[in-house]
There are 2 protein chains.
Amino acid sequence: MSEQAGETYRAGSVAHRVPDLGAMELLLAVARLGSLGGAARELGITQPAASSRIRSMERQLGVALVDRSPRGSRLTDAGALVTDWARRVVEAAEAFDAGAQALRVRRDSRLRVAASMTIAEYLLPGWLLALRAQRPDTAVSLHAGNSAAVAERLLADEADLGFVEGLTVPTGLDSVVIAHDNLIVVAAPGHAWSRRRRPLDGAELAATPLILREKGSGTRQVLDAALGGLARPLIELSSTTAVKAAAVSGAGPAVLSELAVGEELSMRRLVGIPLSGVSLARDLRAVWPTGHRPVGPARDLLSLTRG
Amino acid sequence: MSEQAGETYRAGSVAHRVPDLGAMELLLAVARLGSLGGAARELGITQPAASSRIRSMERQLGVALVDRSPRGSRLTDAGALVTDWARRVVEAAEAFDAGAQALRVRRDSRLRVAASMTIAEYLLPGWLLALRAQRPDTAVSLHAGNSAAVAERLLADEADLGFVEGLTVPTGLDSVVIAHDNLIVVAAPGHAWSRRRRPLDGAELAATPLILREKGSGTRQVLDAALGGLARPLIELSSTTAVKAAAVSGAGPAVLSELAVGEELSMRRLVGIPLSGVSLARDLRAVWPTGHRPVGPARDLLSLTRG
DNA sequence: GCTCGCTCATAAGGTCAGTTTATGTCGCCA
DNA sequence: TGGCGACATAAACTGACCTTATGAGCGAGC
């Protein structure tokens with residue numbers, strides 16, 4: 001195979017083909033401030049460091065990103081596009097950071113949260129980021145588990161606020177609905193169902209072996225209830241990610257939260273199969289011990305999660 | 001201010017608080033393969049390197065991520081959560097990479113794409129990633145510009161396939177609708193409109209000064225047409241990002257593509273204002289010179305962008 | 001008109017994270 | 001009991017990134 005630099009795509013770690021997070025962050029600062037030196041000051045590095053870093057990013061990407069002039073720097077057209085893409089990477093990294101900080105076990109936590117897996121995975125990092133923007137001094141700790149575990153932690157006073165996604169609210173807890181979630185049927189683009197014209201009905205769904213989460217998971221509970229306990233598993237897997245991977249690889253149709261498959265749907269790695277006559281909607285709820293209305297930081301977080 | 005390690009959040013570059021992309025990628029490989037050594041082999045590094053890198057990631061995050069045993073490594077509960085968050089960062093980086101590769105000017109491009117800004121920003125990286133998965137040898141080049149520029153490049157045979165988002169199809173081009181986009185009215189959560197009970201109507205919208213893209217942009221065209229050329233600018237800004245930033249900071253209400261504000265809405269940095277009686281829908285179209293139906297790589301990409 | 005102040009570029013040296021090679025320990029299995 | 005696979009530890013190497021120091025272009029004000 002020919003080895004001309006970067007001719008066509010070659011598989012391998014993406015980390016060696018993209019600038020690191022620090023460089024992307026620097027680029028965002030340059031875009032915002034219109035100056036390499038200014039961006040350097042904001043990030044606490046020197047101007048030559050910023051200059052060299054942007055230059056090596058341009059060399060790596062093979063594209064000029066900023067127009068330098070003696071009175072400032074502006075993004076080129078390509079630079080503007082790259083900056084927008086970089087912003088999405090940095091935002092994902094910020095969500096990672098917000099989540100990871102909450103996982104650290106700390107005695108000084110001011111707000112202890114317990115959440116179901118789906119919520120912890122997809123929604124909480126964003127909420128924590130918003131909370132941090134409002135109240136930077138609130139140290140949050142997070143524990144993820146199923147509904148029963150969330151209830152247990154709340155009742156044992158090991159958590160101040162919980163989030164669950166089941167059909168029922170565990171006893172001993174008060175709750176408020178904060179969002180709605182729909183389970184959807186998905187299949188790989190090559191699957192026969194992806195070319196159906198007629199929506200699927202409940203009987204067909206119940207008759208077909210599906211890739212599912214294990215019995216006892218929130219997702220499975222909702223599906224079993226909607227089908228009258230009849231869902232037939234093709235495979236049972238213990239994480240949303242594993243189910244997605246199996247469905248993408250074409251192992252069969254799967255039922256998943258729409259929160260989990262947004263990306264896959266928009267990139268056509270999976271297609272949603274319309275369903276009629278069966279409602280796979282479920283409520284996402286914030287929960288707390290009966291009578292103990294959230295106050296302080298818990299109340300702040302709760303108010304962020306609702307409109 | 002006290003300096004206990006990592007007690008509460010302190011502003012500063014996120015890059016120093018999160019593992020780098022290589023470490024996240026390594027973690028994903030460990031999760032998938034169930035072994036540090038296996039992950040190391042996949043990424044082309046040695047086992048001690050992988051071991052040390054995972055260890056330093058655990059030290060940085062203050063959380064155990066993998067359970068090591070003499071016969072493999074499995075993620076801890078916290079590790080599974082961290083891995084899910086890391087996956088989103090890596091996916092954003094892959095989209096960045098796919099886009100950036102297309103920006104490089106190459107003589108050997110097999111597919112030359114011209115796209116409007118909004119599409120290039122939000123949709124194309126995903127399509128390019130999907131195309132790469134299907135046809136790894138297709139070298140793509142990308143040029144972003146407004147509708148007129150896209151048409152010009154196609155007609156001058158400088159591009160094989162274009163994507164536009166205006167109301168009308170430039171003359172000389174055939175087109176097919178590939179998706180729909182809605183403009184929505186957004187405001188910061190504190191804005192008076194965010195507490196409205198009644199939907200906004202066209203007259204109110206036309207009477208209120210708005211944060212807008214400059215005249216001539218696709219977004220502005222749609223809005224002006226819907227309101228009968230009456231949109232009143234509060235400020236005119238030349239990029240979607242700038243408009244978003246102004247709206248988030250509370251400068252006033254803005255009108256933006258729903259593609260551009262998904263993240264901001266779900267994190268409540270902006271709220272959508274319901275609108276009645278005015279349709280701000282627009283079609284996203286693939287375009288090509290009349291008569292020259294896309295073939296080869298252009299056809300592959302086109303078929304990815306439709307259901 | 002000259003100098004100050006802002007911008008970015010270049011050069012030389014230091015530091016540290018991440019890497020490799022080499023070796024040790026643990027548990028399982030034939 | 002020896003062999004194999006997986007992970008840990010130690011020591012030395014490498015390179016990316018940083019800093020300090022200095023140079024050069026452009027514009028504004030005295």
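Below, read A as the first sequence line, B as the second, and so on, with proteins coming before strands; counting in each chain starts at 1.
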Report task. Identify, between A/D20 and A/R71, the residue whose nearest nucleotide on DNA chain D lies closer to the 5' end. Result -> A/D20

Query raised in the report: Considering only side-chain heavy atoms of B/P48, which listed nucleotide, D/dA10, D/dT20, D/dC18, is closest?
Result: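 The listed nucleotide nearest to B/P48's side chain is D/dA10.
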
Report task. For the side chain of B/S52, starting at C-beta, report the closest nucleotide among C/dT19, C/dG27, D/dT19. Result ->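 Among the listed nucleotides, the one closest to the side chain of B/S52 is C/dT19.
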
Validation row: [X], [Y] side chains within 4.5 angstrom (heavy atoms):
{"X": "A/H143", "Y": "B/D77", "answer": "no"}
{"X": "A/R41", "Y": "A/L33", "answer": "no"}
{"X": "B/W127", "Y": "B/V140", "answer": "no"}
{"X": "A/L234", "Y": "A/L210", "answer": "no"}

Query raised in the report: At under 4.0 Å between heavy atoms, what does B/S73 touch on the DNA or RNA strands: base, sugar-phosphate, or nothing?
Result: sugar-phosphate

[N] OP1/OP2 closer than 4.0 Å to side-chain N/O of [X]:
{"X": "B/R53", "N": "C/dT19", "result": "yes"}
{"X": "A/R68", "N": "C/dA9", "result": "yes"}
{"X": "A/S51", "N": "C/dA9", "result": "yes"}
{"X": "A/T46", "N": "D/dT19", "result": "yes"}

Separation of [X] atom [atom1] from [N] atom [atom2], in whole Å?
{"X": "B/I45", "N": "D/dA6", "atom1": "CD1", "atom2": "C1'", "answer": "15 Å"}
{"X": "B/L43", "N": "C/dT20", "atom1": "CG", "atom2": "P", "answer": "11 Å"}
{"X": "B/R74", "N": "D/dA6", "atom1": "CZ", "atom2": "P", "answer": "16 Å"}
{"X": "A/I54", "N": "C/dT7", "atom1": "CD1", "atom2": "P", "answer": "15 Å"}
{"X": "A/D67", "N": "C/dC8", "atom1": "CG", "atom2": "P", "answer": "12 Å"}
{"X": "B/H16", "N": "D/dC17", "atom1": "NE2", "atom2": "C1'", "answer": "10 Å"}
{"X": "A/R41", "N": "C/dC6", "atom1": "CZ", "atom2": "P", "answer": "9 Å"}
{"X": "A/R59", "N": "D/dC17", "atom1": "CZ", "atom2": "C1'", "answer": "12 Å"}

Requested in this report: Carefully, step by step, assess B/R17 and A/D97 under the rule salt bridge (Lys or Arg N to Asp or Glu O under 4.0 Å).
Outcome: CA-CA 7 Å; B/R17 292 197 308 265; A/D97 177 45; 2.8 Å; yes

Requested in this report: State whether a side-chain donor-acceptor pair under 3.5 Å links A/S238 with A/R213.
Outcome: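 Their side chains do not contain a donor-acceptor pair, so the 3.5 Å distance test is not met.
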
Report task. Give me the residues of residues 22-37 of chain A where at least one heavy atom lies under 4.0 Å from an atom of DNA chain C, by number, or none. Result -> A/S35, A/L36, A/G37

Query - Under 3.5 Å donor-acceptor, B/R104 side chain and A/L61 backbone - result: yes

Query raised in the report: Between the base of D/dA6 and the side chain of B/Q47, is there a donor-acceptor distance below 3.5 Å?
Result: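 Not at all, since no donor on one side and acceptor on the other fall under 3.5 Å apart.
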
